[in-house]
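In what follows, every heavy atom counts, from backbone to side chain, and hydrogens, waters and symmetry copies are set aside. If you're wondering where the values come from, they're calculated on a predicted model, not measured in any experiment. Numbers restart at 1 for each chain; the letters A, B, ... are given by sequence-line order, proteins then strands.
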There are 2 protein chains.
Amino acid sequence: MNITIKDIASIAGVSYSTVSKALNDSSLVKENTKRKIVKIAKDLGYEPNFAAQRLVSKNTKVIGLIWPTIERTVLATLVTKISNEMAKTPYSMILSVDPIQKSLDTFKKFQVDGVILFGENTLTEINPNSIPLISYGVSGKKNYHYPIIDANHMKAMDDAINYLYELGHRNIKYVGNISPTDPLQMEKYQGFTKAMEKYNISYTNEDILDTGGLDWYHGYHAVDKMLKSNHLPTAIVGGSYDISGGIIRSLKENNVHIPDEISVISYDNIPQMAHLEIPLTCIGVSVEELAEKIVHSAITLIETKKLDSEVTKMIPSLVERASCATVRNN
Amino acid sequence: MNITIKDIASIAGVSYSTVSKALNDSSLVKENTKRKIVKIAKDLGYEPNFAAQRLVSKNTKVIGLIWPTIERTVLATLVTKISNEMAKTPYSMILSVDPIQKSLDTFKKFQVDGVILFGENTLTEINPNSIPLISYGVSGKKNYHYPIIDANHMKAMDDAINYLYELGHRNIKYVGNISPTDPLQMEKYQGFTKAMEKYNISYTNEDILDTGGLDWYHGYHAVDKMLKSNHLPTAIVGGSYDISGGIIRSLKENNVHIPDEISVISYDNIPQMAHLEIPLTCIGVSVEELAEKIVHSAITLIETKKLDSEVTKMIPSLVERASCATVRNN
DNA sequence: GATAAGAATAACAACGTTGTTATTTAGATG
DNA sequence: CATCTAAATAACAACGTTGTTATTCTTATC
């Protein structure tokens, strides 16, 4: 069995309640004895029993992160950043990759102080069960009863189109996953069409390339097919990091030069964009900002039970790299 | 506050100890009252207090997984498989992406029943702190005091070279990350040279291409450089999934046809290999097998405190796809 | 040098369970 | 119908903390 405050008490020759106070640096115990007790505790390698502490009910300083869809590069990056950000606070983080409700039950058992949910495309009702919970990403549910942090995808697409417009592009295609069951993808797609209309750029269904998936080869195949049909735009908007990786691979293999012959701008603002063989200009909320916002919102919610607004749309930014150029006048 | 067994007791008109026994389906309480109590508990939505249960000391049926390096495709797949495998057992899983010792402390606080450590390239001493712990992957430490599950990388490389040898290849290059601080990478590299010697295939330092990193573009650039130098082998062994992705991209772009002009075999046996634009023949322990072994070993260790052997080397298998062919006679 | 006030410490209840021991109840037996 | 036995339930200690209340020890004051 482990060392308890009673062990310390008997060695120090004081009562265990005094030990408790001493270890919690209470002003009720004399500096002298405090020091003595702390030293003994340290010598014995005392570790407080968490379960007992929590039984008398106190916060755990632990936040749970629910991440049901683990295999997505962008989110792995975000998790890392969140973890780093969390390390700057007194909180620790544990994750669960189980389905949402099961994760929530586990976290509730452990009495985490709060939960961050990566519920990108959650259509089912979830029941936070009285744990402070914030969600990252678009929710399909209309009547969520918890705060949501999300990127302003509409604005991001608007910025992207605006940027391309200023460079002279009037022939732009969107290459992304058009999935009616995935609100995030739908919002990007709708952001694209809306922006195109706003800037008065004509487009048809031909200009929306549905990749049918989110991996790089989905993007690869979509562009490959496009090139074979000879409908070459002056610019492409890639729907995600992985997809854009496939897009530029396909373009390179077909000797379509970026950015001279075609400009590419990608959704997802992560550092890895710079490491692609053609460093991609991208649009989106930077993961660092996102991580910071998520962590601090969670902690604010935990500590004050109040959050400014129910849905926070983070403002995206555009990072210029080498993949976009002014359109050539033929 | 939450519902406790005392609430149930007062409603049922029995003592709370009877309620406890009834809810644990003890034979000491009459079937009749048992049913009554269970019904009341259900109606009230009673949930046992985990902290209290653990204070009287019982197992948590939770296993912690420590995963400090989150951004690696192969491991994400493995985590998913482990999670699925775990779901078939009475255990749940939580993960931590914090540094090892911090993760361990967190898990110890939560009194998890056991820990799985992804300590791929852990050179520092770790202190399991009396929690049953198994580790996946090569450990740099010589004197670990916990069981290790690992793939037999040597054997895998041997199988790969043997396979290529049978296909007639005598000019083989290894493209991988040669990092003295990463035991896993070193073992693959050494497996390669050892196998080459065993099959009496001559090679020089020129045939070992150090990518200097584990991402796909590291493999891409290494092969790109190789092609420019015109030292074309008949076969390449790729050191990992990501690296091999870069390898075939580079080959394709340079119009080196796989497998007619060059054969490629990759380390890492994961389903995604089939989705690369050229489905890659690969070598390694399949993630499914690995996940099953890891989960069951962990549970065995927890429940019996005994494990067959200290280091289990899983037997790799070779999955044939479209990327290797018999060498052409010029 | 007795006494009041304040500082320091001790004692103890409480948190919600489980497991052990004590008590009550019901049923069987002569 | 008294008595013994077994079944059912109640009572209570224990797990390791924290916070509240009770007690003891100092020290200053007259």
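Formation of a donor-acceptor pair under 3.5 Å by the B:Thr106 side chain with backbone atoms of B:Lys102 is found in this model. Although no hydrogens or angles enter the test, the distance criterion places a donor-acceptor pair under 3.5 Å between the side chain of B:Thr80 and the main chain of B:Ala76.
For the pair A:Arg35 CZ and C:dT9 P, the interatomic distance rounds to 12 Å; values are reported in whole Å. As rounded to whole Å, 8 Å separates atom P of C:dA10 from atom CD1 of A:Ile37. The nearest whole Å value for the distance from the CZ atom in B:Arg54 to the C1' atom in D:dA14 is 17 Å. Atom CG in B:Asn59 sits roughly 12 Å away from atom P in C:dT18 (whole-Å rounding). Distance, A:Asp7 CG to D:dC15 C1': 13 Å, rounded to whole Å. For A:Glu47 and D:dC15, the CD to C1' distance is 18 Å, given to the nearest whole Å.
In this model, the phosphate group of C:dT18 is approached by a side-chain N or O of B:Ser20 to a distance below 4.0 Å at OP1 or OP2. Residue B:Asn24 has a polar side-chain atom (N or O) positioned under 4.0 Å from OP1 or OP2 of C:dT18. Checking the phosphate oxygens (OP1, OP2) of C:dC15, no side-chain nitrogen or oxygen of B:Asn49 falls inside 4.0 Å. Residue B:Gln53 has a polar side-chain atom (N or O) positioned under 4.0 Å from OP1 or OP2 of C:dT18.
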N/O to N/O distances under 3.5 Å, protein versus nucleotides 6-9 of chain D:
from, atom 1, to, atom 2, distance (Å)
D:dT9, OP2, B:Lys30, N, 3.0
D:dT9, OP2, B:Thr33, OG1, 3.0

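Among the protein residues, A:Lys58 comes within range of no part of the nucleic acid, since none of its heavy atoms lies under 4.0 Å from any strand. Residue A:Phe50 is classed as having no contact, given no heavy-atom separation below 4.0 Å to the nucleic acid.
Judged by closest nucleotide on DNA chain C, B:Leu55 is the one of B:Leu55 and B:Ser17 placed further toward the 5' end. Taking the nucleotide of DNA chain C with the nearest heavy atom to each of A:Tyr16 and B:Ala51, the more 5' of the two is matched to A:Tyr16.
Each of B:Ile148, B:Leu117, B:Ile66, B:Leu75 was compared with B:Tyr136 under the side-chain contact (heavy atoms from CB on, under 4.5 Å) criterion, and only B:Leu75 meets it.
Under the 3.5 Å distance criterion, with hydrogens and angles disregarded, no donor-acceptor pair is assigned to the side chains of A:Ser286 and A:Asn269. Using modelled atom types, one finds no donor on one side chain facing an acceptor on the other under 3.5 Å when comparing B:Ser17 with B:Ser20.
The A:Val56 side chain lies nearest to C:dA14 when the options are D:dC15, C:dT17, C:dA14.
Closest of all the heavy-atom pairs between A:Leu133 and A:Pro147 is O-CD, 3.2 Å.
Ring geometry, A:Phe110 versus B:Phe110: the interplanar angle falls from 30° to 60°, so the pair is classed tilted.
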